[in-house]
Amino acid sequence: MTKLDELIQELCPDGVEYKELQEILTIKNGSDYKHLSKGDIPVYGSGGIMTYVETFSYDKPSVLIPRKGSIDKLYYVEAPFWNVDTIFYTDIDSTQIKPKYLFYCLQREHLEQYNTAGGVPSLTQAVLNKVQIPVPPLPVQREIVRILDNFTELTAELTAELTARKKQYAYYRDKLLTMGTEQVAVCNLGDIADIYTGSKPNEILDTISDYEYINAGTGNSGYTEQPNCEGDTVTTPSRGQGGIGYVGYQSKPFYLGPLCYAIRSKTQEFIINKYIYHWLVSHSSDILVLKNEGGTPALNKTDLAKIRIKVPPLSVQNRLVEVLDNFDAICTDLSSGLPAEIEARQKQYEYYRDKLLSFEEKI
């Protein structure tokens, strides 16, 4: 029998009480930070830390819950912080519940299911206050936190190692693509590649198909029955929050959406698409500076076409692509290596988290 089993048998053998959030904490709004001076206190929004200021809005352990936007991202914070109005903070009754235990419970709850908006995902205090979670005795909570912390620490170590490898890859990629102008052509992207957007599909499938739907954002936006764009194509979003500056590569036929550019070499005998991909990834900052911030962030095709690219001989391009593809596979291939191990650890953590936090309700 484990220590947790012993504690449950001793302290709550007949089940545990489930309580609404409003019984164990107070949800509080954030506020603007722009009147504050710079400092070392993190400012949290729905996407994470935005900047740092001189003072804090709260200085006790808290779980931060996004109010708008990325409502599936929770943050557990122990140090003083400031939060803006897109994210709630929680004033927790620690005599009833451990803040870290609350964080794990809310993760398990998948708060995105309580979205109240048809457009930008949103959560309200009224809805959150009614969410129920199990509240066992504090010793049981502490033991569950200890177990789950061990899982997350292992995942964090692997993630840190992967981050280090990605930085190493980026360093060597940029170094390999740093070349003088001798024996290379320097061209505008629009002169050597076709740049165009796609269209809205008739239907976005709920199930996986052979054809990914690539639109705004940093990944696929679903699947379609038929493609409208061939493979071996570079993509970069044309509009939307958070996607501009991201560069993707589609090896197989796919469906190109209206908010994404496809970039394809005009002459493969002069420049190959995969070389364009690696160059643009290495020079993604050149794309970011072209972003128009008014209203919805956008990237103008005319500006994108003016990005300068160095074009070495085809033999050099092919060699560079081979080396960089190998680096890329080490970092991103989910079928092997560190990413696969991290994914496996995450699934294991989620399984045990959900199992540990499933209690019989006390009658």
Side-chain angles (χ1 to χ4, degrees), residues 40-52 64 66 70 72-79 81 100 103-104 107 145-179 217-220 234-237 241-251 274-289 291 309-310 316-353:
D40 57 3
I41 303 297
V43 176
Y44 281 87
S46 59
I49 295 176
M50 303 167 61
T51 186
Y52 293 85
L64 308 187
S70 304
D72 59 330
K73 292 182 179 178
L74 302 174
Y75 303 93
Y76 174 69
V77 183
E78 291 186 332
F81 63 88
K100 194 65 174 291
F103 171 71
Y104 287 130
Q107 269 194 333
V145 167
R146 185 191 68 80
I147 294 169
L148 293 178
D149 277 352
N150 286 338
F151 274 108
T152 56
E153 284 170 13
L154 289 170
T155 302
E157 289 173 4
L158 291 170
T159 302
E161 185 177 348
L162 179 60
T163 299
R165 287 195 184 183
K166 285 183 174 180
K167 286 182 179 179
Q168 183 185 41
Y169 160 63
Y171 171 79
Y172 284 111
R173 178 198 64 211
D174 295 349
K175 197 169 183 66
L176 285 168
L177 291 171
T178 301
M179 57 192 83
T218 59
N220 76 308
V234 184
T235 60
T236 192
Q241 294 282 355
I244 292 178
Y246 171 79
V247 181
Y249 175 79
Q250 304 303 313
S251 60
K274 200 63 181 290
Y275 175 80
I276 295 175
Y277 163 74
H278 285 298
W279 178 272
L280 291 179
V281 169
S282 179
H283 295 78
S284 60
S285 59
D286 293 346
I287 300 176
L288 274 173
V289 298
K291 180 169 65 172
I309 179 170
K310 292 179 181 178
V316 177
Q317 292 181 45
N318 282 305
R319 178 58 183 156
L320 286 170
V321 166
E322 180 183 0
V323 173
L324 293 174
D325 278 354
N326 287 334
F327 269 123
D328 204 21
I330 292 171
C331 294
T332 61
D333 186 0
L334 287 177
S335 65
S336 63
L338 278 175
E341 189 171 352
I342 291 171
E343 185 179 46
R345 293 276 188 181
Q346 181 64 22
K347 288 180 179 178
Q348 185 183 42
Y349 156 70
E350 291 175 359
Y351 170 80
Y352 282 106
R353 179 198 66 200

Audit row: Thr236, Leu280, side-chain contact (heavy atoms from CB on, under 4.5 Å) steps and yes/no
CA-CA 9 Å; Thr236 192; Leu280 291 179; over 6 Å; no
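- Between the side chains of His278 and Asp325, at least one donor-acceptor pair of N or O atoms lies under 3.5 Å.
- Residues Tyr352 and Asn150 have side chains that never bring a donor and an acceptor to within less than 3.5 angstrom of each other.
- Contact detail for Ser284 and Gly245: the closest heavy-atom pair is CB-O, 3.4 Å.
- Residues in residues 151-162 take part in these salt bridge (Lys or Arg N to Asp or Glu O under 4.0 Å) pairs, two or more places apart or across chains: Glu161-Arg165.
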What verdict does the side-chain contact (heavy atoms from CB on, under 4.5 Å) test give for Ile287 and Val247, after you've listed the backbone C-alpha separation in whole Å, the side-chain angles of each residue and the deciding distance to 0.1 Å?
CA-CA 9 Å; Ile287 300 176; Val247 181; 3.8 Å; yes
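- There is no side-chain donor-acceptor pair under 3.5 Å between Gln107 and Tyr76.
- Atoms CG and NZ, on Leu64 and Lys73 in that order, are 13.5 Å from each other to the nearest 0.5 Å.
- Ile147 contributes atom CD1, which lies 14.5 Å from atom CZ of Arg353 (distance to the nearest 0.5 angstrom).
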Test Tyr275 against Ile309 for side-chain contact (heavy atoms from CB on, under 4.5 Å), laying out the working first.
CA-CA 10 Å; Tyr275 175 80; Ile309 179 170; 4.3 Å; yes
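- Atom OG of residue Ser46 and atom CG of residue Leu74 lie 12.0 Å apart, to the nearest 0.5 angstrom.
- Every side chain to side chain contact (heavy atoms under 4.5 Å, CB included) that Tyr246 has, sequence neighbours left out, goes to Thr218, Pro237.
- For Tyr249, the ring pair (Phe, Tyr, Trp, His ring centres under 6.0 Å) partners are Tyr277, not counting sequence neighbours.
- Tyr52 meets the ring pair (Phe, Tyr, Trp, His ring centres under 6.0 Å) test with no other residue; sequence neighbours excluded.
- Minimum heavy-atom separation, Ile49 to Pro42: CD1-CB, 4.0 Å.
- When side chains are defined from C-beta on, Arg345 does not count as touching Phe151, because their heavy atoms never get closer than 4.5 Å.
- Under the side chain to side chain contact (heavy atoms under 4.5 Å, CB included) criterion, Thr159 pairs with Thr155, Thr163, Ile342, not counting sequence neighbours.
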Intermediate values then yes/no, side-chain contact (heavy atoms from CB on, under 4.5 Å), Tyr349 and Tyr104:
CA-CA 11 Å; Tyr349 156 70; Tyr104 287 130; 3.2 Å; yes
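- Between the side chain of Ser282 and the backbone N or O of Trp279, no donor-acceptor pair lies under 3.5 Å.
- Contact detail for Thr152 and Asp149: the closest heavy-atom pair is OG1-O, 2.9 Å.
- In this structure, the ring pair (Phe, Tyr, Trp, His ring centres under 6.0 Å) partners of Tyr44, at least two apart in sequence or on a different chain, are Tyr75.
- Using a 4.0 Å cut-off between a side-chain N of Lys or Arg and a carboxylate O of Asp or Glu, Glu322 and Arg319 qualify as a salt bridge.
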